[in-house]
Amino acid sequence: MKKNLKNIGFSICAAFALFISIASFKSLDLNKLSQLYKTNVFGMMIIFVLVIRALSKDKVNICNSKKVLSFLFSSFMIIGECASSAGNIMLMFNNAATIAITILKAVGYYTIFKICFYYLDLFLNCFKNKEMKVKNSKFRKFFEFFDEKPFLSSFIVILLFFSVYIIAFYPIVLSPDPSNQILQYYNVRTKYADWAILRNENIFMTNHHPVMQTFLIGWCIDFGRMILNDNFGLFIYTMIQTLIYVSTLAYTIKFLKNNGVSLKLRFILLIIYSVVPHYAFYTVSAVKDTLYTAFMIWLILFMIDVVRNYKDKIIGFKYILFITLMVIMMSLMRHNGLYIAVISFVALMIYSRKNVSKLFLSSLLFTGIVIGFNKVLIPYLGIADASIRETLSVPFQQTARLAKYHDEAISDEDKKIIDKVLKYDTLANRYNPRLADDVKNEFNKYTTKEELKEYFGVWFKYFIKYPVTYINATIDNTYGYIYPNQHYWYVYDTYDKRVVKANVVDYHFNKSTKFLRYTLVFYESVFPYLPGIGLISSIGFSTWIVLILSVYVKKKKYLIAYIPLYLSILICFISPANTYFRYAMPYMFILPTLVILNIQEYRSEEK
C-alpha cells in the first residue's frame, strides 16, 4: 500500500512536470490562476498512467551516474523554464506556490528521466544488431557496394542528395558574415573596421573573421571572374567546401566499418546525412563553421583511433602529417580552434606515451604555423587584429543587466569607469538578454589596459552585491544550450544583398530554381518538429546526448576523444548568442557517428 501511494505521488509529479508551468503561479490572482483550466488534462492523465505503470510493473533501478544525470537534466528543465518564461531563475522562489510547484516538477522530471534511463538500459541490453537481409537483387548489389567501398559509395550517395541543394541555391548562400568578409577582401569599409584599431588606414580587412577563409572566398571569386563571372567564382568555393565536407561525412562511415560497426547501423548513418536538412544546407552556406566542423570531425576521429588502437602502437608518419594539416586548417577557420587542438593533443600525449614525440612535434608544428600566421603574416599584410571585446560577452552582459535593473545602486564614479569601456548612457537600453552584440558594439576600442582593469574592479564589486543579477544575465544568454524546449532552428537560406548593393560582386540566385528553394526551406522549417528524428536539430538535446554518451561509454578512456566536444560546449557558454546553431555545429554534426559507435561498443562489451 505504501509503495502504491509512493508511485501515485511520483506519477502526479511527472504529470505536473510536463503540463503545469511555474510561471502560472507567479501571481496568486484567482483570475490568472483560472487559466490552469486550459491545461491539457488528457495529456496529464496519459503521463500519469504511463509513469505509474512503469513504476508498478518494474523495479526501476539505475546506476548512480545515471541518477546524477537525471538530477542534472531535471535542473536544466527547471532553469530553462524559468529563464525562457520570466528571464529570472528566482521565479521558482517567487512565492510559496512557485516553490511547491518547482519541487513537484523537479521530482516529476527526475522520475521521468530515471524511467527513461531504465528503459534505455533494457533496450541496449536487448538490442540485436542483426545483419541486413536484402531480397531485392538491385538493392542487394547496392549494399554489397556500400559494404565493400564504404567511403566511395557514401560519398556518391551524400553528394547526390546534397546536389539538390547545390542546384537550388546556386552559386552559394551568403549570410551577413561571409558577405562582410567579401567586402573586406575587396577593401570596402565595414563595421568590423570601425570596431578595430587599424594598422593601416587604407586597409579595412580585420581578423574578426578568419582571414584564411576570407582570402579563400575572395580568390575563388577572382578566379571565377577570370573564367566566367562572379557567380561561378562563388560556386567554385561551394564545390571546394562540398568536396571537403562530403568527404569528411563519407569517411565517418568508413571509420565505423573499420571499427566493426554493422552494415545496418552504417546505413542508418548514411540516411541521417542524406535526409536531415542541416547537413545539406551548410554545404551551400559560406559561413566559416562548415569547414571548421569538417576539420574538427577529423580531429575527433583521430583521437578515437589513438585511444582505441595507438596507446602502445606507433602512429604512422603520413597519418600524423595528415592530421596536423587538418588541425592547422581547423585552427585557421575559427580562432578558438587552436585552443581545442592544443588541449586535445596534450591529453593524447598523456595517454599514449609511445607517441609522445610525434604528437609533441605535431602540436609544435601546427601551433607554430597558426601563431605565425596570426602574429606575423597578418600584421605584415597590414590587417587589423580582432577586438578584445569578442572574448568579453559574459561580463559585458552582466554589466548591462546591472545597469538595466540596478541603475540607482551604481555610483556616479563607477558609471564613469563603465562609460570609458561600454558607453553607459545607452547601456541599459542596448541590453538584449539573449544576444550580446548590441552591448559589445559600443565597446571603446581605444580602452587602455588600465581602464579595463578599473572596469573589472567595478564589475567584481557589483558581483558581490548582486550575484543573482549576474547569474541571470549569464543563464539568459546561454540556457538554450542545455534546455531542449528552447527551439531556435536557424539555417542560412536567404539572399544577402550587401555585396550587390556595394557593387562589389554580381551575386544572384537562379530564378528558375525559386520553387525548389522554397520547397527546401519549407522542409528545413518543418523538420525540427518531426517526432523523434527532429531532435537531431535540437541544440539543448544534443548537449544532453554528449552527457549521456559520457555516462554510457564502457571504457572511460574513450572520454579523452570527447574533449573537443566538451570544449565546444563550454565555448557556447561564453559566446555572445543564446541557442545559436552554427556555434553548436562542431559537436552536433559528429553526434550520430558517436551514438552509433557507442551502441556497437556497448553491445560488444555486454557480449
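Only a predicted model underlies this, so the values are computations on that prediction, with no experimental measurement involved.
In terms of the ring-ring contact (aromatic ring centres under 6.0 Å, His included) criterion, Y481 has no residue partners (sequence neighbours excluded). By the ring-ring contact (aromatic ring centres under 6.0 Å, His included) test, Y483 pairs with no residue at all, sequence neighbours left out. Judged as a side-chain contact (heavy atoms from CB on, under 4.5 Å), and not counting sequence neighbours, the contacts of L559 are S550, V553, K556, Y562, Y566. Every residue two or more places apart in sequence or in another chain that forms a ring-ring contact (aromatic ring centres under 6.0 Å, His included) with Y279 is listed here: Y273, F589. By the salt bridge (Lys or Arg N to Asp or Glu O under 4.0 Å) test, K445 is found to be paired with no residue, residues two or more places apart in sequence or in another chain being considered. For S344, there are no side chain to side chain donor-acceptor pair (under 3.5 Å) partners, not counting sequence neighbours. Applying the ring-ring contact (aromatic ring centres under 6.0 Å, His included) rule to F73 yields the partners F113, W544; only residues at least two apart in sequence or on another chain are considered.
In this structure, R389 fails the cation-pi test against F443, since its NZ or CZ atom is not both closer than 6.0 Å to the six-membered ring centre and inside 45 degrees of the ring normal.
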Step-by-step side-chain hydrogen bond (donor to acceptor under 3.5 Å, both in side chains) determination, T474 to Q398
CA-CA 7 Å; T474 302; Q398 291 167 340; 2.9 Å; yes

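Formation of a donor-acceptor pair under 3.5 Å by the Y558 side chain with backbone atoms of V307 is not found in this model. The backbone N or O of K420 lies less than 3.5 Å from a partner atom in the side chain of N444, making a donor-acceptor pair.
Identified under the salt bridge (charged side-chain N to carboxylate O under 4.0 Å, His left out) test for residues 474-487, with sequence neighbours left out: R401-D476. Identified under the ring-ring contact (aromatic ring centres under 6.0 Å, His included) test for residues 404-435, with sequence neighbours left out: H406-Y466. Counting only residues at least two apart or in different chains, salt bridge (charged side-chain N to carboxylate O under 4.0 Å, His left out) contacts with residues 424-438 comprise D437-K440. Applying the side chain to side chain donor-acceptor pair (under 3.5 Å) rule to pairs touching residues 73-84 yields E81-K105, sequence neighbours excluded. Residue pairs meeting the salt bridge (charged side-chain N to carboxylate O under 4.0 Å, His left out) criterion with at least one member in residues 456-470, sequence neighbours excluded, are D414-K461.
Here W459 and F463 bring their ring centres to under 6.0 angstrom of each other.
With hydrogens and angles left out, the side-chain atoms of D121 and Y552 include a donor and acceptor closer than 3.5 Å. Counted by atom type alone, S70 and Y109 present zero donor-acceptor pairs between their side chains at under 3.5 Å.
By the 30° and 60° cut-offs, the orientation of the rings of Y523 relative to F527 is perpendicular.
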